[in-house]
**Q** 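First, the structure itself, so that you have it in front of you.
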Amino acid sequence: MSTAIDVQGLTKRYGRTVAVDDLSFRVEAGRVTGFVGPNGAGKSTTMRLVLGLDAPDAGEVLVGGKRYGDLRAPLCEVGALLDAGATHPGRRARSHLLWLARSNRLPAHRVDEVLELVGLSGAGRKRVGGFSLGMAQRLGIAGAMLGDPQLLMFDEPVNGLDPDGIRWIRVFLRSLADEGRAVLVSSHLMSELEGIADELVVIGRGRLITQTTVSALLSSRSDGRVHVRTPQVTEVMTVLAGAGGTVTSTGSDTLVVSGLDSERVATLVAERGLQLHELYRERASLEDAFIDLTRDAVEYVAEVPREPGS
């Protein structure tokens, strides 16, 4: 597995504000790496630094072992979508992609290929100013794919997409990694990353909080509670409590058990000849894990509304 992006000690200040603070992480080929953090964490600034759009005050970023500015044909090595609105509204979609292609000596037929790839074949002659946000996102993805690069970077790519578009981008990003490409994607939709990301880089206030796999993060944040459904609630409660479990009734036929894993619960119930209709271990969501990790890095916190009648 090769390193596509190597960030080492990256720091960027804007006046007195430290946007990125001694940040280090790696993005590997063949993986979708989710880049997450609260608003103002420094995600977009970091992506700009990777692409040489801003200059760091300290540290460096290497893309495939080189600085981005030293790449001879950038679009053929790195494809990026940072701002879907960064197109001239009066330009037609195909013309916009055509000048990008020519800037890197790419053939004109590649423009038609990427328009088809993102589902915009019928919109090539339409002016970008009339595009919806979802169409603009697709056009930006087409631009990122022009050079058929091995590294893709997307900043909030699902913004403005309808459910069908979100499903498409999920499958599309996963397919890119399965082809051996490196994909770095920032998103505030943790549920979407949970379905496609292999690894997460979590930052807060410009600093690295953790870099870990999605599965490892979810496992570490699960409290291990086991949910049980049985018609013999009283008998099962007695057995599990006698084995050291903490058992709570949550309905006429449902229990929540702490202190015993699911295998132990199943064995105890079976040994007593009791009926078990459903058994599963509670699994923490990626959103819950993210909120827990970044709790101290959130810049603005609103008061949680009270439940009606409380």
Side-chain angles (χ1 to χ4, degrees), residues 19 32-51 53-54 75 78-101 103 110-149 151-177 181 183-197 200 203 286-287 290 299-300 302:
V32 175
T33 299
F35 192 35
V36 300
N39 288 333
K43 302 186 297 298
S44 295
T45 299
T46 301
M47 287 184 157
R48 290 181 60 83
L49 292 169
V50 171
L51 296 172
L53 297 173
D54 288 329
L75 282 182
V78 183
L81 169 60
L82 301 191
D83 182 1
T87 53
H88 193 291
R91 183 167 287 162
R92 300 182 192 278
R94 191 177 187 280
S95 298
H96 167 72
L97 293 176
L98 189 59
W99 79 261
L100 284 176
S103 72
R110 181 60 182 163
V111 171
D112 298 313
E113 291 173 357
V114 295
L115 282 171
E116 183 176 358
L117 178 68
V118 301
L120 290 180
S121 294
R125 295 188 58 80
K126 293 184 178 180
R127 299 190 187 277
V128 177
F131 277 17
S132 65
L133 179 55
M135 291 176 69
Q137 290 281 27
R138 288 177 181 259
L139 181 62
I141 293 170
M145 292 300 299
L146 269 174
D148 199 21
L151 167 61
L152 283 306
M153 296 172 52
F154 300 113
D155 193 2
E156 300 287 350
V158 300
N159 276 358
L161 295 179
D162 57 19
D164 183 65
I166 292 174
R167 181 172 61 179
W168 171 78
I169 193 66
R170 184 193 304 133
V171 174
F172 177 65
L173 295 180
R174 187 66 258 166
S175 70
L176 293 175
R181 308 180 203 240
V183 182
L184 179 65
V185 53
S186 76
S187 178
H188 286 93
L189 297 178
M190 297 298 109
S191 58
E192 294 305 322
L193 287 179
E194 187 170 354
I196 63 170
L200 292 177
I203 67 173
L286 191 58
E287 183 177 78
F290 170 76
E299 189 171 359
Y300 303 105

**Q** Do you know the tightest heavy-atom contact between Ala123 and Ala93?
**A** O-CB, 3.7 Å

**Q** Closest approach of Val185 and Leu173, non-hydrogen atoms and distance?
**A** CG2-CD1, 4.2 Å

**Q** Roughly how far, to the nearest 0.5 Å, is OG of Ser187 from CD1 of Ile196?
**A** 7.5 Å

**Q** For the side chain of Arg110 and the backbone of Gly147, is there at least one donor-acceptor N/O pair under 3.5 Å apart?
**A** no

**Q** Contact between Met135 and Leu120 at the side-chain level, heavy atoms closer than 4.5 Å - yes or no?
**A** yes

**Q** If you round to the nearest 0.5 Å, how far is CZ of Arg92 from NZ of Lys126?
**A** 11.5 Å

**Q** Of all the heavy-atom pairs spanning Ala80 and Ala144, show the shortest one and how long it is.
**A** N-CB, 3.6 Å

**Q** Counting C-beta onward and ignoring hydrogens, is there a side-chain heavy-atom pair between Leu82 and Leu53 closer than 4.5 Å?
**A** yes

**Q** Enter the distance from Ile169:CD1 to Asp164:CG here, rounded to the nearest 0.5 Å.
**A** 12.0 Å

**Q** Restricting to non-hydrogen atoms, name the atom on Val32 and the atom on Ala177 that form the minimum distance, rounded to 0.1 Å.
**A** CG2-CB, 3.6 Å

**Q** Kindly give the heavy-atom pair with the smallest separation between Ser44 and Asp155, and that separation in Å.
**A** OG-OD2, 2.7 Å

**Q** Report yes if some heavy atom in the side chain of Val158 is under 4.5 Å from a heavy atom in the side chain of Arg170; otherwise report no.
**A** no

**Q** Restricting to non-hydrogen atoms, name the atom on Ser103 and the atom on Leu100 that form the minimum distance, rounded to 0.1 Å.
**A** OG-O, 2.6 Å

**Q** Roughly how far, to the nearest 0.5 Å, is CG of Leu146 from CG of Leu115?
**A** 8.5 Å

**Q** Using modelled atom types only, decide if a donor and an acceptor are shared between the side chain of Lys43 and the backbone of Gly37 within a distance under 3.5 Å.
**A** yes

**Q** Hey, are the side chains of Leu97 and Leu139 touching, using non-hydrogen atoms and a 4.5 Å cut-off?
**A** yes

**Q** Okay, side chain of Arg94, backbone of Arg125: is any donor-acceptor separation there less than 3.5 Å?
**A** no

**Q** Please check if the side chain of Thr33 supplies one atom and the backbone of Leu184 the other of a donor-acceptor pair under 3.5 Å.
**A** no

**Q** Apply side-chain contact (heavy atoms from CB on, under 4.5 Å) to the pair Arg181 and Asp148, showing each step before the final yes or no.
**A** CA-CA 10 Å; Arg181 308 180 203 240; Asp148 199 21; 2.9 Å; yes

**Q** For the backbone of Leu161 and the side chain of Arg138, can you confirm whether one donor and one acceptor N or O come within less than 3.5 Å of each other?
**A** no

**Q** How many angstroms lie between atom CE of Met145 and atom CG of Leu117, to the nearest 0.5 angstrom?
**A** 5.5 Å

**Q** Is the shortest side-chain heavy-atom distance between Phe35 and Ile203 below 4.5 Å?
**A** yes

**Q** Less than 4.5 Å apart, any side-chain heavy atom of Trp168 and any of Ile141?
**A** yes

**Q** With rounding to the nearest 0.5 Å, note down the distance linking CG in Asp83 to CE in Met47.
**A** 12.5 Å

**Q** Take atom CD in Glu113; do more than 12 heavy atoms of anything else shown fall under 6.0 Å from it?
**A** yes

